[in-house]
Amino acid sequence: MKVLIVGGGGREHAIAYCVAKSPRVSKIYCAPGNAGIGELAECVPVGVMEFDKLAAFAKENCVDLVIVAPDDPLVAGAADVFEAAGLRVFGPRKNAAVLEGSKAFSKDLMKKYNIPTAAYENFDSAEDALAYLETAQMPIVLKADGLALGKGVLICNTLEEAKEGVKTIMLDRQFGSAGNRLVVEEFMTGREVSVLSFVDGKTILPMTSAQDHKRAKDGDQGLNTGGMGTFSPSPFYTEEIDEYCRKHIFQPTVDAMAAEGRAFKGIIFFGLMLTEDGPKVLEYNARFGDPEAQVVLPRMKNDIIDVMEACIDGTLDQTDLQFEDNAAVCVVLASEGYPVHYEKGYVIKGLENFKDREGYYVFHAGTKATENGIVTNGGRVLGVTAKGATLKEARANAYEAVGLIDFDNKYCRKDIGKAIDEI
Ligand code: AMP
Ligand code: GLY
């Protein structure tokens, strides 16, 4: 079969890697793709938001399955457009992707269906939000309702900071229309875990857990980024916690969406905080995480096409989802200065070291093929992933593999997976 993957980052490279492994797949297209994906797929120079062009391309090239990976097209209704064109699509429709697209929607859903999450209030006006903050406990968390490249969350320690935050989100509109509404949320403490899951509208199959490192610098210092590295599984996500989450969070979320007439088919990514009062939902995403996919997917034993088709057909209850009994660590190689200001266009050396090296992967995020070779083309450049029998071994392997790659202004965190040492 022929598959079109919509997207062009590290997550999409990890998806393409799994799709390429499927004996059922004869041809992969990726729009727009990147230099690494180009080794597995034919890259198509069409943007992820150009739905009509993508649909026309898929029809013309007899694509059997379209996989929509990023949040922006999903929230804007890409799946609906492709379905209307008669295509088979993996990814939630617009009315279900709202689970990620509106934080106010997801908070109201959790409240209505008793799914554990932080206490909150939604606001449509800055005036009301400011009045509420006067009597609220600090620290407090402000969240722009809509998509804001993962930057629309402000943790405020004082009333002054919180007032400034309301101004930033609702009045200055720093995140555009994402700030039309505001969620003001109780501050929680605990360890964070990401659980991605396959969903077919009624059945949910959680994948192995992972943990991201969102800050730019070691010791969780510096600015928030798209993610500087991940490890999987999370040793803090115990069987007991998993059992609780399946019963009180995962299945109830799927049932709630179905009850609301918004049956969810695709990936639900649960951002969880393991608090003293039990696991609570920090956020939902309607897609694979990036760079969570880079540590979760290489450990998946199933044929990804079979699982995705089961999601579309509503037969996930007949799928036995399995992961290898090992671990993986991904270290993101970024351009020095990311996420603020950085140079690009530097030649990347050492990529050939990963060819046919079992258990090692170099997933491309911001790269470009040029006459001089593959060059850096973004803030996050590569995700170097390695497996190991244990988390410690996987981490040692990943950092060793980081040394195989070189480019000017290469930067990475040195402490990805440091939390492992606490167990
Ligand atoms: P989100 O995009 O909602 O996952 O938020 C980004 C990050 O902000 C999360 O990964 C947490 O580290 C932090 N965060 C979000 N909500 C809260 C909360 N209620 N309490 C404490 N930290 C939070
Ligand atoms: N790694 C976090 C995300 O994909 O949103």
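Positions are given from 1, in the same order as the sequence printed here. One-based numbering, in listed order, for ligands and for the atoms of each.
- When only non-hydrogen protein atoms are considered, atom 20 (N) of ligand 1 lies nearest to M188 N, 2.8 Å.
- A cation-pi geometry, defined here as NZ or CZ lying under 6.0 Å from the six-membered ring centre and within 45° of its normal, does not hold between R246 and F250.
- Below 30°, between 30° and 60°, or above 60°: for F57 and Y29 the angle between ring planes is above 60°, a perpendicular geometry.
- Judged purely by distance below 3.5 Å, without hydrogens or angles, the side chains of Y120 and D108 pair a donor atom with an acceptor atom.
- Contact atoms of ligand 1 toward F187: 20 (N), 21 (C) (distance under 4.0 Å to a heavy atom of the residue).
- Less than 4.0 angstrom separates some heavy atom of R287 from each of these atoms of ligand 2: 3 (C), 4 (O), 5 (O).
- The protein non-hydrogen atom at the shortest distance from atom 13 (C) of ligand 1 is I155 CD1, 3.9 Å.
- Those atoms of ligand 1 with a heavy atom of K103 less than 4.0 angstrom away are 2 (O), 3 (O).
- Shown in contact with K143 at under 4.0 Å from a heavy atom are these atoms of ligand 1, numbered in order with element: 3 (O), 15 (C), 16 (N).
- Counting only distance, with no hydrogens or angles, the side chain of D200 and the backbone of I312 share no donor-acceptor pair below 3.5 Å.
- Taking each of V141, N224, V184, V153 in turn, the one with a heavy atom nearest to atom 6 (C) of ligand 1 proves to be V153.
- Near E185, meaning under 4.0 Å from any of its heavy atoms, are these atoms of ligand 1: 16 (N), 17 (C), 18 (C), 19 (N).
- Using a 4.0 Å cut-off to heavy atoms of E292, the atoms of ligand 2 that qualify are 1 (N), 2 (C), 4 (O).
- Taking the six-membered ring for Trp and the full ring otherwise, the centers of H13 and Y361 sit at least 6.0 Å from each other.
- Nearest-residue assignment for atom 14 (N) of ligand 1 (options V183, I140, L282, N285; heavy-atom criterion): L282.
- Atom 12 (O) of ligand 1 has its closest protein heavy atom at E192 OE2, 2.4 Å.
- Side-chain atoms of Y113 and D255 include no donor-acceptor pair closer than 3.5 Å.
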Assess whether side chain to side chain donor-acceptor pair (under 3.5 Å) is satisfied between Y284 and T253, documenting all intermediate values.
CA-CA 10 Å; Y284 291 118; T253 299; 2.8 Å; yes

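- R299 and S232 are linked by a side-chain donor-acceptor pair at a separation below 3.5 angstrom, with hydrogens and angles left out of the test.
- Listed by number with element, the atoms of ligand 2 under 4.0 angstrom from any heavy atom of G289 are 4 (O).
- For the residue pair E292 / S194, a side-chain donor-acceptor distance below 3.5 Å is found, with atom types taken as modelled.
- For atom 2 (O) of ligand 1, the nearest non-hydrogen atom of the protein is E283 OE1, 3.3 Å.
- At distances below 3.5 Å, not a single donor-acceptor pair connects side-chain atoms of N34 with backbone N or O atoms of T367.
- Heavy atoms of N285 found under 4.0 angstrom from ligand 2 belong exclusively to the side chain.
- Taking distance alone, with nitrogen or oxygen atoms compared against 3.5 Å, D212 approaches ligand 2 more closely than that limit.
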